[in-house]
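Heads up: the structure comes next, in structure tokens.
In the text below, chain A, chain B and the rest are named by the order of the sequence lines, each starting its count at 1.
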2 protein chains.
Amino acid sequence: MFSLLNMSSADASDLTARARIRDAAIEHFGRHGFKVTIRAIAEKAGVSPGLVMHHFGSKDGLRKACDDHVFEIVHRVKKESVTADPAVSLQHVAHIEEFAPLLAYAVRSFQEGGSVGLALYERMVADIRDYLAAGEAAGRIRPSRDPGKRARWLAESSMGSLLVALSMRPDPDDIDFPLFLREWMEEHMLPLLELYTEGLYTDRQMLDAYLLYVGDPPAGTR
Amino acid sequence: MFSLLNMSSADASDLTARARIRDAAIEHFGRHGFKVTIRAIAEKAGVSPGLVMHHFGSKDGLRKACDDHVFEIVHRVKKESVTADPAVSLQHVAHIEEFAPLLAYAVRSFQEGGSVGLALYERMVADIRDYLAAGEAAGRIRPSRDPGKRARWLAESSMGSLLVALSMRPDPDDIDFPLFLREWMEEHMLPLLELYTEGLYTDRQMLDAYLLYVGDPPAGTR
DNA sequence: CAATAGGCTAAACACGTGTTCAGCCTGCTG
DNA sequence: CAGCAGGCTGAACACGTGTTTAGCCTATTG
């Protein structure tokens with residue numbers, strides 16, 4: 001895990017200055033948002049502001065490097081968790097703290113809409129669609145009239161809920177991400193499961209009315 | 001409607017400079033986010049930057065004035081739509097364009113987490129809770145184990161979906177809000193209604209497992 | 001050993017942006 | 001009419017922040 005993420009402060013001194021800057025940037029961007037100053041990042045990395053420019057050319061260059069790094073790690077972890085035995089996956093879940101900076105960075109990307117945000121989002125939608133399709137084939141998930149749109153809605157609503165919860169915090173610019181995540185799950189797990197298994201409405205009136213409206217009559221109408 | 005919102009450009013010249021500045025600020029903040037410059041707002045209002053300071057003291061003061069104005073209008077419109085006849089409500093829905101700047105401003109507030117954002121959000125949660133309670137009493141809405149958390153989840157997920165959709169746009173800093181809203185509804189109405197009337201899972205396995213986990217055994221377990 | 005390259009720093013620079021300031025114009029008031 | 005208050009302007013100011021620059025130090029290399 002440590003070697004995978006290179007985010008632990010214990011071995012920070014071992015890393016090259018370039019890597020230390022990048023990791024400090026990911027942490028700062030994730031915790032405080034992308035408006036953090038280059039000077040702050042440099043200080044966190046124990047380095048002069050000039051060196052940041054020397055290695056990354058500009059703030060955008062630094063951002064780009066962070067993007068690439070985060071995306072690459074997410075890619076690697078995902079491939080591992082698919083191929084490896086369940087024990088490894090469980091380890092990942094158990095050590096959310098280690099991934100927290102990455103997740104925080106990703107959430108900030110969703111919030112602001114950078115290239116990583118979009119790429120990660122599209123991947124997330126695709127994953128959810130595949131997952132739902134598999135569940136549908138296994139009979140655990142109800143079929144949808146438009147699986148693509150459903151997957152997109154589920155991704156958007158859950159990620160979005162996270163964003164709103166983030167913005168509604170007392171100080172959205174300084175978050176303890178692991179804590180925040182835990183509280184969020186604690187707060188929403190029940191209504192989410194309720195909604196997903198029992199629905200909200202007791203009848204089909206709204207849905208059928210909409211289906212008629214868009215010209216796709218509900219089954220059994222004609 | 002026009003006299004209510006004072007957002008139409010047709011009678012912009014009639015308004016006092018102070019009101020014109022405030023309206024221009026609401027429009028700009030809503031369309032481009034809160035990082036728009038005072039100079040840009042002043043130009044839009046046909047006024048010098050100094051005058052903005054003269055009337056509002058600071059950028060924060062301007063923001064505060066916008067907050068108050070938006071909140072006050074939302075309050076007034078809401079009270080009207082509750083007391084007035086249905087025809088008026090329909091008029092409101094039909095003329096989304098007129099409200100768009102206000103809505104855009106509110107969404108930006110949610111995104112950034114200002115005081116208005118929080119206040120509007122809490123009010124929204126309360127409204128949804130009341131609405132669901134009424135529906136439950138009328139037998140149209142299923143009961144929940146925790147109506148408060150359910151209302152919060154529904155508010156968060158729908159608002160949040162809007163935020164994510166906003167961030168994933170090609171240029172999130174320059175949105176045509178009415179168009180954006182229409183596309184969003186077009187895209188999500190179906191999966192939303194499907195989910196709300198039919199649910200997602202075919203069985204109660206996930207929900208029951210969670211209820212057991214949190215120490216609240218599902219009905220019929222003992 | 002001398003030279004060179006590259007990691008690295010401190011200081012200066014450029015520029016956008018919120019804010020301040022001195023004063024102009026206009027319309028009201030005594 | 002004279003004076004004054006307040007809306008209003010244009011220019012200047014202050015400051016934060018990304019970026020540039022000149023040069024130092026160290027290690028490698030011929």
Enumerate the protein-to-nucleotides 5-8 of chain D contacts in which both atoms are nitrogen or oxygen and the separation is below 3.5 Å.
unit_1, atom_1, unit_2, atom_2, d
D:dG7, OP2, B:H54, NE2, 3.0
D:dC8, OP2, B:H55, NE2, 3.2

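- The CD1 atom of A:I21 sits 8 Å away from the P atom of C:dT9 (whole-angstrom rounding).
- Sorted by first and then second residue, the pairs that involve residues 35-57 of chain A and meet side chain to side chain donor-acceptor pair (under 3.5 Å), not counting sequence neighbours, are A:K35-A:D173.
- Distance alone, capped at 3.5 Å, is enough to place a donor-acceptor pair between the A:S109 side chain and the A:Y105 backbone.
- Atom-to-atom, NZ of B:K35 to C1' of D:dG16 comes out at 18 Å; the value is rounded to the nearest Å.
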Let me check something: any side-chain donor-acceptor pairs from residues 113-123 of chain B under 3.5 Å, sequence neighbours excluded? List them with distances.
unit_1, atom_1, unit_2, atom_2, d
B:Y121, OH, B:E156, OE2, 3.3
B:E122, OE1, B:R152, NH2, 3.1
B:E122, OE2, B:R152, NH1, 3.3
B:R123, NH2, B:H75, ND1, 3.3

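- Phosphate contact (OP1/OP2 of D:dG18, side-chain N/O of A:T37, threshold under 4.0 Å): present.
- For the pair A:I41 CD1 and D:dG18 C1', the computed distance is 12 Å after rounding to whole Å.
- Other residues, nucleotides and ligands place no more than 12 heavy atoms under 6.0 Å from the CD atom of A:E186.
- In this structure A:F177 satisfies the ring pair (Phe, Tyr, Trp, His ring centres under 6.0 Å) test together with A:F180, sequence neighbours excluded.
- Between A:F56 atom CZ and D:dT19 atom P there is a gap of 13 Å when expressed in whole angstrom units.
- In terms of modelled atom types and a separation under 3.5 Å, the side chain of A:E194 and the main chain of B:S144 share no donor-acceptor contact.
- Qualifying side-chain hydrogen bond (donor to acceptor under 3.5 Å, both in side chains) partners for B:R108, counting only residues two or more places apart in sequence or in other chains: B:Q111.
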Listing time: all N or O pairs from protein to nucleotides 19-27 of chain C that are below 3.5 Å?
unit_1, atom_1, unit_2, atom_2, d
C:dT19, OP2, B:K59, N, 2.7

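- Atom CE of A:M168 is surrounded by more than 12 heavy atoms from other residues, nucleotides or ligands within 6.0 Å.
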